[in-house]
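Let me begin by presenting the structure, written as structure tokens, before commenting on it.
Keep in mind that the numbers below use all heavy atoms, side chains included, and drop hydrogens, waters and symmetry copies. Keep in mind it's a predicted model, so treat the numbers as computed, not measured.
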2 protein chains.
Amino acid sequence: MANIREIAKLAGVSVSTVSRVLNNHPYVNEKKRAEILKIIEEQNYVQNSNAVHLSTGKTMVIGVTLPLVNNQYYSSIIEGIAAEAARHHYKLMVCQTNNNPEQERSVLHLLKNKKIDGLIMCSRSSSCETLNEYAGYGPIITCEANDTTSVSSVHIDHYQTFLIGMEYLIKKEHRRIGYCIGRKNSFNSQHRKRAYYEKLRSIDVTPSPEWAFEECLTIQDGKNVVGKLLQTEERPTAMIVSCNHIAAGIIKEASRLGLSVPEDLAVIGCDDQPIGELLEITTVSSSSTLMGKYAFEMLHERIWTQQLDGKKEEKELSPVLVERLTT
Amino acid sequence: MANIREIAKLAGVSVSTVSRVLNNHPYVNEKKRAEILKIIEEQNYVQNSNAVHLSTGKTMVIGVTLPLVNNQYYSSIIEGIAAEAARHHYKLMVCQTNNNPEQERSVLHLLKNKKIDGLIMCSRSSSCETLNEYAGYGPIITCEANDTTSVSSVHIDHYQTFLIGMEYLIKKEHRRIGYCIGRKNSFNSQHRKRAYYEKLRSIDVTPSPEWAFEECLTIQDGKNVVGKLLQTEERPTAMIVSCNHIAAGIIKEASRLGLSVPEDLAVIGCDDQPIGELLEITTVSSSSTLMGKYAFEMLHERIWTQQLDGKKEEKELSPVLVERLTT
DNA sequence: GCTTGCTCTGAAAAGCGTTCCACACATTAT
DNA sequence: ATAATGTGTGGAACGCTTTTCAGAGCAAGC
């Protein structure tokens, strides 16, 4: 297929002029512009974007990492990112990392070798050093709090979220409260647990290890929780659960095993997934779509101001209690 | 940052030799190779992928279009694509099109300007001509049946799916059966409707227009169906629904309004979304993840054999009935 | 001893568009 | 009338890597 040199030759002008036409530069004689456009049309010419990228040093692509693609929480974040990115003519490279630092590093690498202009990490498992290292090659935003010095973030205040949930349960006279979270040692989990333990301490309840469920990632994990709960000595009367999917598993299994919700077991979820609405699950919700939007905005600004050394910024989303039928 | 020329100069060799090292070409003296690798390491050098792409004419990126990112059905397809793509070192550019032909065209364009090596369209709204036109620039696979001459597809046999569902409902003695589908005129919908009408005709039932619900896309749309059902003269005793999300909406709303499922209203869904399992919805299921996997395989083969003019291929996935509690 | 066939290396072309600089010409301002 | 500003255009450098081709040197085979 034709290239810009060929178009220039056919139009009897220089490549510079053709390039100006392609980029809507004003300093081109209107008659010539029309002529050139006609030839471009005839030749069915389009720029080779790889040449453009090489030349400009930008790709108009941003990377997005997430542990797994098929998950509503991450999908909602991406939805927010995608809408905002589209407005600014950016494309998204969505990379599933399976929470594997190796795979994550390969995505960070895209920043170094200039395949992407910036990166949003919906979750990350790389070390702080790795992140700081790659932050030198292009802007990175995480959608979790992070402990680096240079990587900004937009995140839900998970401490606050669990706090609100716990306060609500306590107000409803629950004292034996269990929790259910995903990855045991993630940043998010640490904040959630801190709120959980602080709140229980504030009402002088000593939490039993039997009330704690970690590494709950699937609906089935949620279901399994109920079986274990039934075997505990002092069964919790309420569970605070990091996500509504798991909460749904708990609720379904509970009613299958004859526990009524919320009478025998109250359940409160902690996200804004639609399954929560469908199953009428009480939840402490923040909009993950909005988080995605903010993440893109922050990234975009950094891409344009090139502030690789810019100071770290943290934006926190405050959760809201949505009272429904499971508490 | 350093480029290949600089590395060559530092190592006292030509750029060709450095390039050979970078690409693991065998014909390089081992001592030199080690030396060059050391310098690459020291200089923290990596290839500029845009230059590589320009030179090789490949980007190792494939595009994926879908109407909206935040949807379990499409997410499962992407999951299948992503896993397979990762195995072959391809990255995914995920593009939300909102079922808008304009936006879809902008993605097809990526093929023309060489930003992607191939394209999987999880859904499409472009015309057949448009698709055929762009198929000349690179391989395209659709995850729906399509009526083009050149674009291959992997798809669920929606006709068969509805057929199985209808036969099952009829075997359960239902005669007044309604249906609920998404986009009114999509290829998929046409096949579904054909099965629906054929089956009803085979038992001499004249379908009422009141039993037909189209453009059902959200859970809320599903809920709305129930309200309308209650106002019909001859209420259907069963609904066949194109997706489990909508089915879930119907089921929830039905029980809220005092209709018991399946006694007053049987509901059968038609996909493999996890909400079906959670809510124990009977469903006619095909694995959308598997579909994604097949789509990538097919695309990958086409990318490597370059058969732009290859004959059209169609792979159909056969559905399976999963009997649960809503029928 | 001569031919074949490897192994290894470098020069140069090919892939393609953007942008800076210089220059020409035309206006407008002083 | 002269300086200053704006419009329009081309040449050439720049961004960077891959790949083809040509050739040198060396070993094995006949």
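Between the P atom of D:dG8 and the NE2 atom of A:His25 lies a distance of 11 Å, rounded to the nearest Å. With rounding to whole Å, B:Ile7 atom CD1 is found 15 Å from D:dG15 atom P. Across the protein-nucleic acid pair, B:Glu6 atom CD and D:dC14 atom P stand 14 Å apart, rounded to whole Å.
Fit an axis to the five pairs at each end of the helix from C:dG1-D:dC30 to C:dT30-D:dA1 and the two axes sit 30° apart, to the nearest 10 degrees.
With sequence neighbours excluded, the residues satisfying side-chain hydrogen bond (donor to acceptor under 3.5 Å, both in side chains) with A:Glu104 are A:Ser125, A:Ser126. With sequence neighbours excluded, no residue forms a side-chain hydrogen bond (donor to acceptor under 3.5 Å, both in side chains) with B:Thr97. Residues forming a side chain to side chain contact (heavy atoms under 4.5 Å, CB included) with B:Val52 (at least two apart in sequence, or on another chain): B:Gln47, B:Thr56. Judged as a side-chain hydrogen bond (donor to acceptor under 3.5 Å, both in side chains), and not counting sequence neighbours, A:Ser286 has no contacts. Partners of B:Asn48 by side chain to side chain contact (heavy atoms under 4.5 Å, CB included), not counting sequence neighbours, listed by chain and number: A:Leu54, A:Lys114, B:Asn50, B:Ala51. Residues that satisfy the salt bridge (charged side-chain N to carboxylate O under 4.0 Å, His left out) test with A:Glu30, not counting sequence neighbours, are A:Arg33. Partners of A:Lys9 under the side chain to side chain contact (heavy atoms under 4.5 Å, CB included) rule, at least two apart in sequence or in another chain, do not exist in this structure.
The side chain of B:Lys32 contributes no N or O atom lying less than 4.0 Å from OP1 or OP2 of C:dC8. Within the 4.0 Å cut-off from OP1 or OP2 of D:dT7, at least one side-chain nitrogen or oxygen of A:Tyr27 is found. Between B:Thr17 and C:dG10, a side-chain N or O to OP1/OP2 separation shorter than 4.0 Å is present.
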**Asked** Could you run down nucleotides 16-22 of chain D 5' to 3' and tag each one B, S or - for protein heavy-atom contact under 4.0 Å?
**Response** BBBBB--
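Ionic pairing of A:Glu297 and A:Lys315 is not present here: no N-O contact between side-chain nitrogen and carboxylate oxygen is shorter than 4.0 angstrom.
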